[in-house]
Amino acid sequence: MRTLLHPRYALLRQLATLGIVIAFWEYAGTLGWLNPLYMPRPSAIGIALRDLFLDGRIWPHMQATFTAALGGLLLGVLAGIVLGIVAALVCLLSELIEPIMLVLNAIPRVILAPLFIIWFGIGLGSKIALSFVLVAVVIFFNVFGAVKNVDRRLVERIVTLGGGRWSLLRQVYLPSITASVLQNLKVAIGFAFTGAVVGEFVGASRGLGYLISFAQSTYNAALMIALVLLILVVVLVIFALANQAEKRLMQWR
Amino acid sequence: MRVSNVSLSYGGEPVLEGASLKVGSGQFVSLVGPSGSGKSSLLRVAMGLQKPFAGSVDLELPKSDIGILFQDDALLPWRTARQNVSLGLRFRGMAKQQALQKADEWLAKLGLEGFEDRYPRHLSGGQRKRVALAQVLALEPKLLLMDEPFASLDAIVRTKVIQDVVQLVEREKIAVLLVTHDLEEAISLSDVVYLLSQGPRARISNEYKISIPRPRDLVRARLHPSYAPLLEKLWNDLSDEVQGNGNGHVAKGPIYMAAE
């Protein structure tokens, strides 16, 4: 008994607890204590999840959400890096870019979703745009900060060793920027999926967000919870990939 | 190297006035002084990192023959020891493989064989200092400018690192200008010690020649008969400066510690 309390078995204890909760939930459902309309049994959710994959209708939706999220992520990271560097190095442009970013940072950016649907239609464009805005602002502030707060001592060191502008960029600025982007990549990934799903939720004909919206309109709680679980797993897998990339590129930490 | 009549000011406040000193070839020169006397600033002027208010610095050497070492080791955290040491060589156009090989040689000279692939974070303070030294010495400078480079090390590591530096500097006949507030370090290492007076308007108030024979051993240098009287004299002169009645300029007004 004592050995089971060892910190090493924390995961085991967590899984066991989850199992007990699910079993109790299932049992409560069969006894009729829970209204299946609001709180479907875990087995019903499992079946809904299985059905999504069995008839293959989930794939086009997954593809739509992934395309939007990854497209927005890629463009947002690129734009954030470029704008961050430019704003940090060129004073005149920073006067223009920084206030816009501050405003975009202050508002909950998802409220732009309806506007983007008017501008870009209910297709992929509006979802990528929302993901993009969510991601770009976060990355912008990180890169802006990384360039502004670059370690002066390292800059002086490179200069006294005889390094020029290109060496400074390559040896000091780019590694600082890479580090700050990688550290915030998970936040950015989260935002990218938020943008894609919320965009689909507001107006779309495809995507996981659209399916959730569909499940809501048909009062299909089992499908809805199944979709939430699916998105959760997808994002966790991508987090794991981001962790691997971070570990590999940040060995020096 | 020759520093002539250099004056400095910070935000309109004069810090240093008309400081002159010279470092002969192969000579080890130290600059000591109370906090706020502007000794670090003087060195920064010599390094070309700061413009003097008046006066001039004549290095009498091409810039590439000068090595600079600060108090912090300022190694790139994302580069290994070997890569850090090879930086200066690469900036001078040396091929990558050759630069890395030379870096390894210098790391070995400083006792860091087997640590070439470590990142700075995975090295101790003394080891990082040695990497920073290798980085500078790999460029084979003729003049080494150092600003309290050993201040962050604990006593034992510090003595060992300094001993290695003295040996290398003596062997390679490198001239050194060292800024320090440690009088014992200054005397046991140097051929000449300059004392800066208390700032503001600090100036060089005295010059001491030290005739302990070379090659020097840090511990034995302290046993030399001329060591103790010199230390006492320097200490007395320095205390006079701090109290404001030295033979240099008498301090007026507030003392700006931040100027260092």
In short, B:H122 meets A:W252 closest at the heavy-atom pair CE1-O, 4.4 Å

Tell me whether A:R170 at atom CZ has more than 12 heavy atoms from other residues, nucleotides or ligands lying less than 6.0 Å away.
no

One should read off an interatomic distance between B:F91 CZ and A:Q171 CD, to the nearest 0.5 angstrom, of 5.0 Å

Can you give me the closest heavy-atom contact between A:L154 and B:L75, atom names plus distance?
CD2-O, 3.4 Å

All heavy atoms of B:R79 vs all of A:P175, minimum pair found to be NH2-CG, 4.2 Å

Is there a side-chain contact between A:L161 and B:R90, using heavy atoms and a 4.5 Å cut-off?
no

Look at atom CD1 of B:I156 and say whether more than 12 heavy atoms of other residues, nucleotides or ligands are closer to it than 6.0 Å.
no

Find out whether B:I66 and A:T160 are in side-chain contact, i.e. whether some heavy atom of one side chain is under 4.5 Å from a heavy atom of the other.
no

Is chain A contacted by the side chain of B:L139, its backbone, both, or neither, given a heavy-atom distance below 4.5 Å?
side chain

Find the one option among B:P77, B:S64, B:P120 whose heavy-atom pairs under 4.5 Å with chain A are most numerous.
B:P77

Got a sec: does the CD of B:Q101 have more than 12 other heavy atoms crowding it under 6.0 Å?
no

Hey, is CD on B:E170 packed in by over 12 heavy atoms from elsewhere, all under 6.0 Å?
yes

In this structure, are over 12 heavy atoms from other groups packed under 6.0 Å from B:R121 atom CZ?
no

Given that the side chain runs from C-beta out, which part of B:L87 has a heavy atom under 4.5 Å from chain A: side chain, backbone, both or neither?
side chain

Is A:S176 close to chain B through its backbone or its side chain, or both, or neither, when contacts mean heavy atoms under 4.5 Å?
both

With side chains defined as the heavy atoms from C-beta onward, is the minimum distance between B:V136 and A:R157 less than 4.5 Å?
yes

Could you tell me the separation between the CD atom of A:Q251 and the OH atom of B:Y119, rounded to the nearest 0.5 Å?
4.5 Å

More than 12 non-hydrogen atoms from neighbouring residues, nucleotides or ligands closer than 6.0 Å to NZ on B:K142, yes or no?
no

Which atoms of B:Q135 come close to chain A, meaning under 4.5 Å heavy atom to heavy atom: side chain ones, backbone ones, both, or neither?
both

Name the region of A:L249, side chain, backbone, both or neither, that has any atom closer than 4.5 Å to a heavy atom of chain B.
neither

